[in-house]
A.B. asks: 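Could you have a look at this structure, given as structure tokens, before my questions?
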Amino acid sequence: MIVIFVTLIITILMQHHTLRQIRQSARFFSYYSKQLKALADHRKIVSRRTELLMMSVGYDPNRIADGDLSQHVPTSEEMKTILEEHYKLDSESKQVDARLDIELEMFDDGEFDGYGTSIK
């Protein structure tokens, strides 16, 4: 009778430990996926900024892709549009960083350390 009781307690404790590890790993992978999404968003922003830089010096990225290296001087209206889009991309980049900081605070609120292991 006691052997069965001890076996049940050990099984319950092992299941509790396993479920706790699964929750911790799910939390870690959730944060990791959000990091990857933020990285992809930053990559898109950097790519668009590169195109804007090329446009500001007179090159069209679409024409360069076709092999046409001709250059035209952008008008003041085009430069104003380029600068507005640059500032918009800058604010988007800050929003992505802020969103990632919030996720980091939620992830690292004392329940887990930076590697997803329990510190309690």
Side-chain angles (χ1 to χ4, degrees):
M1 180 74 172
I2 294 195
V3 172
I4 293 173
F5 183 69
V6 170
T7 306
L8 286 174
I9 290 177
I10 290 173
T11 304
I12 290 171
L13 290 176
M14 287 177 52
Q15 287 177 347
H16 176 71
H17 176 71
T18 303
L19 288 175
R20 187 171 171 211
Q21 284 183 332
I22 289 170
R23 280 195 304 267
Q24 288 175 354
S25 62
R27 181 78 176 130
F28 173 73
F29 285 121
S30 171
Y31 174 70
Y32 184 69
S33 70
K34 290 174 183 170
Q35 270 189 327
L36 290 177
K37 184 180 181 329
L39 182 64
D41 290 344
H42 273 294
R43 183 65 197 130
K44 288 177 187 174
I45 290 170
V46 167
S47 174
R48 185 61 187 149
R49 279 185 175 171
T50 303
E51 290 177 2
L52 290 175
L53 180 63
M54 290 173 61
M55 290 169 58
S56 69
V57 294
Y59 290 107
D60 185 10
N62 296 325
R63 287 193 323 225
I64 289 177
D66 293 335
D68 182 12
L69 297 178
S70 63
Q71 186 179 17
H72 84 287
V73 178
T75 63
S76 62
E77 184 71 27
E78 290 172 338
M79 284 301 291
K80 187 176 181 181
T81 305
I82 289 170
L83 282 175
E84 287 173 0
E85 190 170 353
H86 170 74
Y87 291 134
K88 186 180 94 171
L89 288 172
D90 191 40
S91 68
E92 285 179 20
S93 178
K94 289 178 183 176
Q95 287 175 356
V96 169
D97 288 339
R99 189 175 66 225
L100 190 60
D101 287 342
I102 290 170
E103 291 298 328
L104 178 62
E105 288 175 11
M106 289 173 60
F107 176 75
D108 200 17
D109 64 353
E111 184 176 352
F112 302 108
D113 66 7
Y115 297 103
T117 57
S118 178
I119 57 174
K120 289 181 180 177

A.B. asks: Working to the nearest 0.5 Å, report the span between CD of Glu51 and CD1 of Ile64.
C.D. replies: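 CD1 of Ile64 is found 10.0 Å from CD of Glu51.
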A.B. asks: Search all heavy atoms of Arg49 against all heavy atoms of Ser93 and return the closest pair with its distance.
C.D. replies: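 Where Arg49 meets Ser93 most closely, the heavy atoms are NH2-CB, 4.4 Å.
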A.B. asks: Are Ile10 and Ile2 in one and the same hydrophobic cluster, where Ile, Leu, Val, Met, Phe, Trp and Tyr link if side-chain heavy atoms are under 4.5 Å apart?
C.D. replies: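 In one cluster: yes.
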A.B. asks: Would you call the rings of Tyr32 and Phe29 parallel, tilted or perpendicular, taking 30° and 60° as the class edges?
C.D. replies: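 Rings of Tyr32 and Phe29: perpendicular, over 60°.
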A.B. asks: Do Arg99 and Lys37 have side chains that approach each other closer than 4.5 Å (heavy atoms only, starting at C-beta)?
C.D. replies: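 Heavy-atom side-chain distance check passes, below 4.5 Å.
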A.B. asks: Using only atom types and a distance under 3.5 Å, with no angle test, would you say the side chain of Thr11 pairs donor to acceptor with the backbone of Thr7?
C.D. replies: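 Checked: pair present.
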A.B. asks: Over all heavy atoms of both residues, which pair between Pro74 and Ser56 is shortest? Give the atoms and the distance, please.
C.D. replies: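 For Pro74 versus Ser56, the nearest heavy atoms are CG-O, 3.5 Å.
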A.B. asks: Going hydrophobic residue to hydrophobic residue with side-chain gaps under 4.5 angstrom, can you get from Phe5 over to Leu13?
C.D. replies: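 Yes, Phe5 connects to Leu13 through the hydrophobic network.
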A.B. asks: Rounded at 0.5 Å granularity, tell me how far CG in Leu104 sits from NZ in Lys34.
C.D. replies: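 Going from CG on Leu104 over to NZ on Lys34, the span is 12.0 Å.
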A.B. asks: Are Ile45 and Met55 in one and the same hydrophobic cluster, where Ile, Leu, Val, Met, Phe, Trp and Tyr link if side-chain heavy atoms are under 4.5 Å apart?
C.D. replies: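 Yes, because Ile45 and Met55 connect within a single hydrophobic cluster, where side-chain heavy atoms sit under 4.5 Å apart.
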A.B. asks: Indicate yes or no for a side-chain donor-acceptor contact from Ser47 to the backbone of Lys44 under 3.5 Å, with no hydrogens or angles considered.
C.D. replies: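 No; judged by distance alone, with no hydrogens or angles, the pair does not exist.
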A.B. asks: Report the distance from atom CG of Asp41 to atom CD of Glu92, rounding to the nearest 0.5 Å.
C.D. replies: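 Here the rounded value is 8.5 Å.
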A.B. asks: Rounded to the nearest 0.5 Å, what separates atom CD in Gln24 from atom CG in Leu19?
C.D. replies: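 Between atom CD of Gln24 and atom CG of Leu19 there are 11.5 Å.
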A.B. asks: Working to the nearest 0.5 Å, report the span between CE of Met79 and NE2 of His86.
C.D. replies: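 Result: 10.5 Å between the selected atoms.
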A.B. asks: In Å and rounded to the nearest 0.5 Å, what is the CG to CG distance from Asp90 to Leu83?
C.D. replies: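 CG of Leu83 is found 12.0 Å from CG of Asp90.
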A.B. asks: Output yes when a side-chain donor or acceptor of Glu103 lies under 3.5 Å from a complementary backbone atom of Gln35, and no otherwise.
C.D. replies: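 No, Glu103 side chain to Gln35 backbone: no donor-acceptor pair under 3.5 Å.
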A.B. asks: Quick one: does Leu8's side chain get under 4.5 Å of Ile4's, heavy atoms only?
C.D. replies: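 Heavy-atom side-chain distance check passes, below 4.5 Å.
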A.B. asks: I'd like to know if the side chain of Glu85 reaches the main chain of Ile82, judged simply by a donor and an acceptor atom lying under 3.5 Å from each other, with no hydrogens or angles considered.
C.D. replies: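 Here the side-chain-to-backbone pair does not exist.
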A.B. asks: Among Met14, Gln21, Arg20, find the one that has a side chain to side chain contact (heavy atoms under 4.5 Å, CB included) with His17.
C.D. replies: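 By the side chain to side chain contact (heavy atoms under 4.5 Å, CB included) criterion, His17 pairs with just one of Met14, Gln21, Arg20: Gln21.
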A.B. asks: Within a 6.0 Å radius of atom CD on Glu84, are there more than 12 heavy atoms belonging to other residues, nucleotides or ligands?
C.D. replies: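 Atom CD in Glu84 is crowded, with more than 12 foreign heavy atoms closer than 6.0 Å.
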A.B. asks: Linking I/L/V/M/F/W/Y whenever any side-chain heavy atoms sit under 4.5 Å apart, do Met54 and Leu69 land together?
C.D. replies: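 Cluster IDs for Met54 and Leu69 match.
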A.B. asks: Hey, does the side chain of Asp68 reach the backbone of Ser70 with a donor-acceptor pair shorter than 3.5 angstrom?
C.D. replies: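 Such a contact is found between Asp68 side chain and Ser70 backbone.
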A.B. asks: Under a 4.5 Å side-chain heavy-atom rule over Ile, Leu, Val, Met, Phe, Trp and Tyr, are Val96 and Tyr31 clustered together?
C.D. replies: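 The answer is no; the residues belong to distinct hydrophobic clusters.
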